[in-house]
J.: 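Following this message is one structure expressed as structure tokens.
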Amino acid sequence: MDPHRRAVLLRASRMDLSVLIPAFNERSRIVGTIDGLRSFLASRPWEHEIIVVDDGSDDGTAEVVAEAAPARPEVRCLRSDRNRGKGAAVRLGLEAARGRVIGFIDADDKTDAAALDEVFRVLSSGADIAIGDRTLPGSDIRTPRRPYREWGSAQFRRLTRWWLGLGELPDTQCGFKFFRAPVMRGLFEAARVDGYMFDVEVLLLATRAGYSIARVPVRWRDDPDSRFRPLSGSLRNLRELRRIRRMHR
């Protein structure tokens, strides 16, 4: 979007919150996720919008959202011409977002939207970024991860601490992150990763820029239908971490 036009839109907007939902082949779950979020937001005073970003799905995800949208006026759907990755989908949604606070949640509805109350509290208190953190004592893990997934997550945390110095952010991969709008725009303009590890790169850039990052407890459940493949997925993530490390030495 042209920077001048974006500035005009932001000045004209009184939108409090933009929630981005990157989605790839989520036809069976996306409307449930939208409606769960809408139900929570209906009880809060924030002027809001929900932007679903279809990342080149081939199962009709975008069509399902388009059919649901007329009855849900705060919902919009954007479509990528092909599958580019979760980071690219968030970036596409960010271009269209109008909120003073912008963030993203997972399409499979793992994290309870009630954590947005704490997000607004910490941002109002001076934080620049609020991220869900399942390792906090106050988090409520309703459905724990399977043991091999938990072990893999522990090894991943060690790598992000050793390689990238993110030891103070032990849960980089919780799909629940919200930003002051100018902060998010600046970080994503500097970021280069389009895939799954975009969270790590954005948090690395944020820590190096000196932004205040608040960790918030969440209510979370594991997804038994997760598409993560332990071997191939872990190798892919390692490659991405090495790439991030090289790019931001």
Side-chain angles (χ1 to χ4, degrees), residues 18-22 24 53 55 84-95 97 99 101-106 110-111 115 118-119 122-123 125-136 139 145 149-218 220 228 230 232-249:
S18 297
V19 182
L20 313 178
I21 309 179
F24 177 67
V53 186
D55 187 29
R84 298 175 182 272
K86 186 177 179 182
V90 171
R91 189 173 287 108
L92 179 60
L94 178 59
E95 284 293 318
V101 172
I102 308 173
F104 56 89
I105 66 171
D106 287 333
K110 287 181 181 178
T111 307
E118 183 66 4
V119 165
V122 298
L123 293 181
S125 298
D128 298 301
I129 303 168
I131 65 173
D133 190 329
R134 294 162 290 186
T135 71
L136 288 172
S139 286
R145 284 177 288 210
R149 293 289 301 276
E150 193 61 52
W151 180 86
S153 294
Q155 307 317 307
F156 184 86
R157 286 196 293 271
R158 291 190 178 96
L159 282 176
T160 57
R161 182 174 69 246
W162 295 340
W163 282 9
L164 302 172
L166 293 176
E168 295 184 1
L169 301 174
D171 192 8
T172 60
Q173 298 312 108
C174 182
F176 187 90
K177 295 181 175 69
F178 289 82
F179 307 72
R180 296 180 186 273
V183 172
M184 187 173 185
R185 295 189 192 283
L187 290 172
F188 273 79
E189 285 173 3
R192 307 177 199 174
V193 173
D194 284 340
Y196 191 66
M197 290 291 102
F198 80 100
D199 308 63
V200 174
E201 184 187 26
V202 166
L203 291 176
L204 177 63
L205 292 170
T207 57
R208 291 186 175 178
Y211 287 124
S212 170
I213 305 173
R215 299 155 57 205
V216 302
V218 294
W220 185 86
F228 181 77
S232 61
S234 296
L235 290 174
R236 176 198 65 202
N237 291 346
L238 282 172
R239 288 194 295 269
E240 284 287 273
L241 287 179
R242 289 179 63 187
R243 179 183 171 218
I244 293 168
R245 189 184 184 200
R246 287 196 304 269
M247 288 191 300
H248 302 290
R249 285 187 184 277

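Both backbone and side-chain heavy atoms feed into the values below; hydrogens, waters and symmetry mates do not. Along the sequence shown, the residues carry numbers beginning at 1.
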J.: Checking R91 now: which residues fulfil side-chain hydrogen bond (donor to acceptor under 3.5 Å, both in side chains) with it, not counting sequence neighbours?
T.: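 So R91 forms a side-chain hydrogen bond (donor to acceptor under 3.5 Å, both in side chains) with D194.
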J.: Which heavy-atom pair separates A127 from S212 by the least distance, and what is that distance?
T.: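 So the two residues come closest at CA-OG, 3.6 Å.
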J.: Return the CG to CZ distance between L164 and R245, rounded to the nearest 0.5 Å.
T.: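 Reported value, rounded in 0.5 Å steps: 7.5 Å.
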J.: With sequence neighbours excluded, give me every salt bridge (charged side-chain N to carboxylate O under 4.0 Å, His left out) pair touching residues 195-208.
T.: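 Non-adjacent pairs meeting salt bridge (charged side-chain N to carboxylate O under 4.0 Å, His left out): K177-D199.
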J.: Can you tell me if T111 uses its side chain to pair, donor with acceptor, with the backbone of W220 under 3.5 Å?
T.: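 No; zero donor-acceptor contacts below 3.5 Å.
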J.: Would the distance check show the side chain of T207 and the main-chain N or O of L203 forming a donor-acceptor pair, the cut-off being under 3.5 Å?
T.: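 It does hold such a pair.
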J.: Search all heavy atoms of F104 against all heavy atoms of P22 and return the closest pair with its distance.
T.: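 Heavy atoms of F104 and P22 come nearest at CB-CD, 4.3 Å.
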J.: Could you check whether any side-chain heavy atom of V19 comes within less than 4.5 Å of a side-chain heavy atom of F178, counting everything from C-beta outward?
T.: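 Yes - at least one pair of side-chain heavy atoms lies under 4.5 Å apart.
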J.: Can you tell me how far CG of L92 sits from CG of L20, rounded to the nearest 0.5 angstrom?
T.: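 One gets 9.5 Å once the value is rounded to the nearest 0.5 Å.
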J.: Could you tell me if the side chain of V200 sits less than 4.5 Å from the side chain of L241, heavy atoms only?
T.: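 Yes, close enough: below the 4.5 Å cut-off.
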J.: Looking at every non-hydrogen atom in both residues, tell me the closest pair between P217 and S139 and how far apart they are.
T.: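 So the two residues come closest at CA-OG, 3.3 Å.
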J.: Could you tell me whether the side chain of L187 reaches within less than 4.5 Å of the side chain of Y211, counting heavy atoms only?
T.: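 The answer is yes; the side chains approach within 4.5 Å.
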J.: Show the nearest heavy-atom pair for residues A130 and L123, with the distance to one decimal.
T.: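 For A130 and L123, the tightest heavy-atom pair comes out as N-CD2, 4.2 Å.
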J.: What residues, two or more places apart in sequence or in another chain, satisfy side-chain hydrogen bond (donor to acceptor under 3.5 Å, both in side chains) together with R242?
T.: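 Counting only residues at least two positions away or on another chain, R242 forms no side-chain hydrogen bond (donor to acceptor under 3.5 Å, both in side chains).
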J.: Any side-chain heavy-atom pair from D133 and C174 closer than 4.5 angstrom?
T.: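 No. Closest side-chain heavy atoms not under 4.5 Å.
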J.: Looking at residues at least two apart in the chain, or sitting in another chain, which of them share a side-chain hydrogen bond (donor to acceptor under 3.5 Å, both in side chains) with T160?
T.: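 None.
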J.: Of all heavy-atom pairs between G93 and V53, which one has the smallest distance, and what is that distance?
T.: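 Answer, listing the atom of G93 first, then V53: CA-CG2, 3.7 Å.
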J.: Who pairs with Q173 by side-chain hydrogen bond (donor to acceptor under 3.5 Å, both in side chains), at least two apart in sequence or on another chain?
T.: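 side-chain hydrogen bond (donor to acceptor under 3.5 Å, both in side chains) check on Q173 returns nothing, list empty.
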J.: Just jot down the side chain to side chain contact (heavy atoms under 4.5 Å, CB included) partners of R243, sequence neighbours excluded, or say none.
T.: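 For R243, the residues satisfying side chain to side chain contact (heavy atoms under 4.5 Å, CB included) (neighbours in sequence not counted) are R192, V193, E240, R246, M247.
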J.: Measuring only between side-chain heavy atoms, which start at C-beta, is W163 closer than 4.5 Å to I244?
T.: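 No, side chains not in contact.
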J.: Just wondering, do E95 and F188 contact through their side chains at under 4.5 Å, heavy atoms?
T.: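 Result no, sub-4.5 Å side-chain heavy-atom pair not found.
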J.: Using a 4.5 Å cut-off on heavy atoms from C-beta on, say whether the side chain of I102 contacts that of F179.
T.: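 No - every pair of side-chain heavy atoms lies 4.5 Å or more apart.
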J.: Does any non-hydrogen side-chain atom of V218 lie less than 4.5 Å from one of R134?
T.: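 A side-chain contact under 4.5 Å exists here.
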J.: Which pair of heavy atoms, one from G85 and one from D55, lies closest together, and at what distance?
T.: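 The pair with the smallest heavy-atom distance is N-OD2, 2.9 Å.
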J.: Please answer whether the main-chain N or O of L169 pairs with a side-chain N or O of R215 as donor and acceptor at a distance below 3.5 Å.
T.: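 Flag not set: sc R215 to bb L169 has no pair under 3.5 Å.
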